Amino acid sequence: MGETMEAPVASAMRTDAPPAIRLEGVNKWFGALHVLRDINMTVATGERVVVCGPSGSGKSTMIRCINRLEQHQEGRIVVDNIELSDDLRSLDAIRREVGMVFQSFNLFPHLTVLENCTLAPIWVRRMPKKEAEALAMEYLERVRIPEQAAKYPGQLSGGQQQRVAIARALCMKPKIMLFDEPTSALDPEMIKEVLDTMVMLAGTGMTMICVTHEMGFARQVADRVVFMDRGEIVESGEPEAIFSNPQTDRLKLFLSQILRGH
Amino acid sequence: MSSSATDPRLAGAGPPKRPLRLSWSDERVRGIVWQVLVVGIVLFIGWWLWSNTVHNLEVRRIATGFGFLDREAGLPIGESLIPYEPTDTYLTALTVGVLNTLKVAIIGIVLATILGTVVGIARLSKNWLLSKIAGFYVEVIRDLPLLLQLLFWYTILQALPGPRQAINPIEGVFLSNRGMKLPFIEWTAAHWWALLAMVAGIGLTVLYARVMRARQYADGQPRKVWPAAIALILGLPLAVWAAFGAPFTPDIPALRGFNFRGGITVSPEFFALLIGLVTYTAGFIAEVVRAGILSVSQGQWEAAEALGMRRGEILRKIVMPQALRVIIPPLTSNYLNLTKNSSLAVAIGYQDIVSIANTTLNQTGQAIEGIAIIMLVYLTISLSISLFMNWYNSKIALVER
Amino acid sequence: MSDIAAGGVPAPAPGAASRRAPIITTGPVAWVRANLFNNWLSTAVTLLLAYLIVRWTLGFIDWAFVNAVWSVPIVNGQAQTAACREIKGVGACWAVVTEKHRFILFGTYPFDEHWRPALVCLLFVALYVVSAMRRFWSWVLVPIWIGTLTLIGVLMWGGILGLTYVPQERWGGLPITLILATFGLAFAFPLAVLVALGRRSRLPAIKMLCILYVELIRGVPLISLLFMASVMFPLFLPEGMNIDKLLRAQVAMILFAAAYLAEVVRGGLQALPKGQYEAADALGLSYWQKTGFIILPQALRLVIPPLVNTFIGFFKDTSLVLIIGIFDLLTAGKTAIVEPAWQGFGVEVYVTIGVIYLVFCFAMSKYSQDLERDLNAHRRR
Ligand SMILES: Nc1ncnc2c1ncn2[C@@H]1O[C@H](COP(=O)(O)OP(=O)(O)OP(=O)(O)O)[C@@H](O)[C@H]1O
Ligand SMILES: [Mg+2]
């Protein structure tokens with residue numbers, strides 16, 4: 001947390017447009033375990049939300065519900081005006097609009113970096129191969145690793161792999177990006193390169209939800225910070241307000257622990 | 001065995017060698033002494049066995065060599081893929097045996113792969129009952145000796161009623177203690193041409209799929225391959241067959257006197273051997289398949305799903321290529337095992353190479369040659385399978401760091 | 001809901017009362033729905049399988065218990081199997097097992113001395129149990145094995161301690177199977193370790209020899225080795241010298257098992273981190289010190305589960321001696337039904353023998369699975 005505060009990225013939030021994501025009274029159980037409790041949240045188009053909270057509080061589960069890697073059992077989730085349901089067509093539509101980046105990269109080890117990036121555009125977006133490759137190279141350049149295109153994921157460093165994963169998600173031209181602790185499997189020097197990429201992305205006006213504990217990143221980029229604990233949203237607000245003026249004991253405790261930890 | 005002298009990292013950076021340490025030349029001398037000793041002992045044992053054998057053969061007046069191969073075998077063989085009479089030579093008889101081994105091995109490998117894959121996937125099924133039953137099958141079948149299973153199946157098949165009371169599950173199929181009778185057609189040249197056309201059709205389909213893939217890459221639009229595939233693989237042979245006048249004379253087995261005439265026969269020996277080999281090996285293949293699928297992490301599914309891919313597509317393009325990499329090496333050794341296990345045929349009287357070579361060596365007394373032939377045949381088969389699978393494996397191998 | 005690992009916050013959340021999960025996600029009903037009737041396909045599979053299981057189980061119970069014949073009268077030493085022939089196909093004739101179980105278990109061993117092979121079988125089982133206990137995994141096992149195997153030899157042969165002498169030709173049944181398997185392992189294992197070390201040796205001649213041996217043996221079926229032992233081996237020996245058939249088969253089995261075990265051991269040697277070899281070198285240990293004290297104890301531990309699996313395979317493979325006419329359990333079973341009165345009751349005998357093999361192999365495989373789990377848990381720390 002000791003890094004110098006960088007210039008905040010100007011917000012691209014548009015309150016006039018319909019919200020990008022709306023969660024209403026979402027509940028989810030794993031067996032008897034109540035992991036999400038009455039979650040209500042609206043994310044405006046272009047808004048950048050950082051989600052934080054102690055381990056096991058349901059952050060991953062919440063964002064995985066948004067692109068339906070997990071199914072919620074009560075409440076509504078509306079993404080880009082499409083309500084999530086068992087309907088396969090709505091699922092297809094949503095998966096195209098929402099990109100996701102995982103903690104453990106999940107690159108396809110049997111495909112080259114370029115193939116990782118072009119696979120979905122070709123087979124899901126039905127793009128001609130040439131076009132898909134040009135697009136992939138463009139994004140690989142944005143994440144600053146075009147020279148690695150012909151390599152296999154196993155030959156890259158962790159930070160490079162995560163940047164490929166970001167490029168891969170971007171190649172689908174999503175409107176919304178979800179990040180689930182993209183930096184927590186990385187060494188400190190690699191964290192920066194991935195965060196820089198994310199800051200760059202924020203500059204393009206992308207709607208983003210990031211689960212992360214990188215406070216510097218939250219301050220610089222987030223329009224809003226959401227604090228979750230025990231499956232519910234305890235506090236949410238502007239980064240400054242959340243970090244310097246926590247209202248609840250739970251957030252105070254969390255902040256003190258996370259600051260001590262670093 | 002110190003590596004300090006050979007390891008360049010240590011040699012480069014290490015402190016000067018301690019004088020007490022054995023020097024490099026000592027180490028080498030030691031190595032040479034060891035090797036001479038071991039090779040000497042092995043050679044001596046070999047020589048001793050050899051001289052004993054030569055002496056024993058002389059005493060028993062057994063001529064060595066493969067001259068007996070040209071002699072008349074005089075041994076009857078129940079089923080054969082090539083024309084064979086007992087008046088033919090031993091060489092022909094042994095060839096029949098090799099072909100019979102290959103027949104059961106190849107059919108067995110295909111069926112065991114199918115059954116094993118099905119059971120392996122069933123074991124991973126979300127359906128509790130299905131996965132438990134598959135697990136039970138795998139546990140039990142692998143814990144029983146194959147020979148016992150073969151004897152069991154053979155006993156059951158022999159306990160079937162005679163041809164007159166044959167069980168007739170479907171029209172034209174008869175199960176009796178003489179084996180299984182299946183209907184067939186009278187095979188003519190037209191059928192060979194049709195078969196050839198089908199092979200050509202498969203080749204053309206592959207080609208067509210490639211062209212279509214290239215077109216999709218060009219404009220992005222996916223194209224259906226299956227209508228053309230059906231036309232090529234089924235339509236083409238049918239057309240060829242029709243062009244030859246569409247000969248079709250069903251050859252349905254029927255009871256004449258004490259036995260069946262017509263149709264094709266699956267002997268009880270072959271049938272028992274095949275069932276035994278397939279069910280036994282499938283138990284092992286199921287475990288291999290299961291481990292292979294489990295080796296692909298859930299994250300791969302999730303990442304592909306998040307990109308909007310459909311499950312079938314994910315299985316084909318993401319999961320299978322990775323799972324195969326894990327599956328192929330143990331699968332190969334299971335294929336080899338099945339082939340070697342087919343030698344148990346001798347216990348139930350299916351005339352494979354072991355059975356025929358065994359009879360040959362009993363009739364001629366050429367024990368060494370007979371066993372050498374058996375070993376040579378299996379070594380050749382083993383080597384071919386491993387070479388092929390190694391080639392295939394290197395084709396799909398994964399590049400890593 | 002206290003099992004959500006919160007950052008040590010004691011107070012329960014206000015507002016969001018901890019609600020029970022809807023019934024569809026917990027409880028037996030949910031379990032059944034999720035695991036048996038998840039969708040129409042799953043439901044169809046469940047119903048079909050349940051139907052088949054019930055049908056087959058009932059059929060089996062009818063055959064094996066309800067309609068079965070458990071014993072038949074013996075007239076003038078001839079079993080009267082008419083009752084069995086009558087129910088053939090609908091009921092099992094366990095009478096063949098009742099009548100022949102002594103023969104199947106102990107072969108032609110003198111009837112009054114059957115307690116000796118029975119005791120031998122128990123000793124074998126005890127030996128396996130002791131070897132399976134991790135407490136004994138050390139050099140203690142060596143004297144235990146030598147002692148037990150000697151005792152077994154004494155019991156089987158007799159001729160001393162007031163036991164009557166029983167020639168080896170009269171042994172048979174389960175003890176033969178256990179002897180082939182156990183003695184086979186006892187000799188194959190050290191050989192396998194040597195071959196595995198040889199295959200990783202820097203000395204080219206030794207390496208080549210070991211590779212040749214392993215690949216040749218693994219490339220041919222066990223039967224060909226057994227044939228070699230039964231018909232070719234006598235030619236190998238000097239005139240007048242004769243080794244009995246059981247021993248010849250045993251040698252073939254040892255050579256066979258050693259090749260497979262060597263590959264497993266080699267896997268362990270390869271899996272051991274290079275650092276261990278280097279550390280041992282750094283201590284200035286000699287090759288044999290290094291191997292015996294540092295490398296082998298670790299490498300063998302790494303491969304215990306696959307070793308046990310190889311043991312299971314080997315145990316099953318001992319049944320192949322049937323083909324060269326050695327009187328093991330399976331041969332005894334097959335011979336028991338040669339008698340005209342009992343001809344045609346093979347299924348009952350094979351099922352019985354199958355159960356015996358199943359008990360041994362299942363115990364070993366369960367053990368290996370548990371062990372694997374334990375060792376993995378241990379390693380994951
Ligand atoms: N597939 C699952 N099955 C059962 N329980 C699960 C599953 N996934 C998550 N859980 C449980 O749900 C709770 C919330 O998990 P989640 O992964 O959302 O937490 P998180 O806030 O992302 O934690 P972390 O910071 O450690 O990633 C945890 O108690 C976890 O054990
Ligand atoms: Mg998480």
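Computed over heavy atoms, backbone and side chain alike; hydrogens, waters and symmetry mates excluded. Bear in mind the structure is a predicted one, so any value in this text is a computation, not a measurement. Sequence lines set the chain letters: A, B, ... in the order given, protein chains first and strands last, and positions in each chain run from 1.
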Is any residue of residues 299-317 of chain B within less than 4.5 Å of chain A by heavy atoms, and which ones? B:G299, B:Q300, B:E302, B:A303, B:A304, B:E305, B:A306, B:L307, B:G308, B:M309, B:R310, B:E313, B:K317
Pair [X], [Y]: side-chain N/O donor-acceptor within cut-off below 3.5 Å:
| X | Y | value |
| --- | --- | --- |
| A:T118 | A:E133 | no |
| B:Y137 | B:T279 | no |
| B:N334 | B:T281 | no |
| A:H34 | A:N27 | yes |

Are any side-chain N or O atoms of A:R68 and backbone N or O atoms of A:I66, one a donor and one an acceptor, separated by less than 3.5 Å? no
If the threshold is 4.0 Å, N to carboxylate O, is there a salt bridge linking A:R144 and A:E193? no
Residue part contacting chain B, namely of [X], when any heavy atom lies under 4.5 Å:
| X | answer |
| --- | --- |
| A:L107 | backbone |
| A:V98 | backbone |
| A:F102 | side chain |
| A:M172 | side chain |

How many angstroms lie between CG in B:L338 and OH in B:Y280, if you round to the nearest 0.5 Å? 10.5 Å
Please state whether the side chain, the backbone, both or neither of B:R213 comes within less than 4.5 Å of a heavy atom of chain A. side chain
Can you say whether the rings of B:Y217 and A:W123 are parallel (under 30°), tilted (30 to 60°) or perpendicular (over 60°)? perpendicular
Report yes if some heavy atom in the side chain of B:V138 is under 4.5 Å from a heavy atom in the side chain of B:E287; otherwise report no. yes
Quick one: of A:L119, A:N67, A:L178, who has the most non-hydrogen atom pairs under 4.5 Å with chain B? A:L119
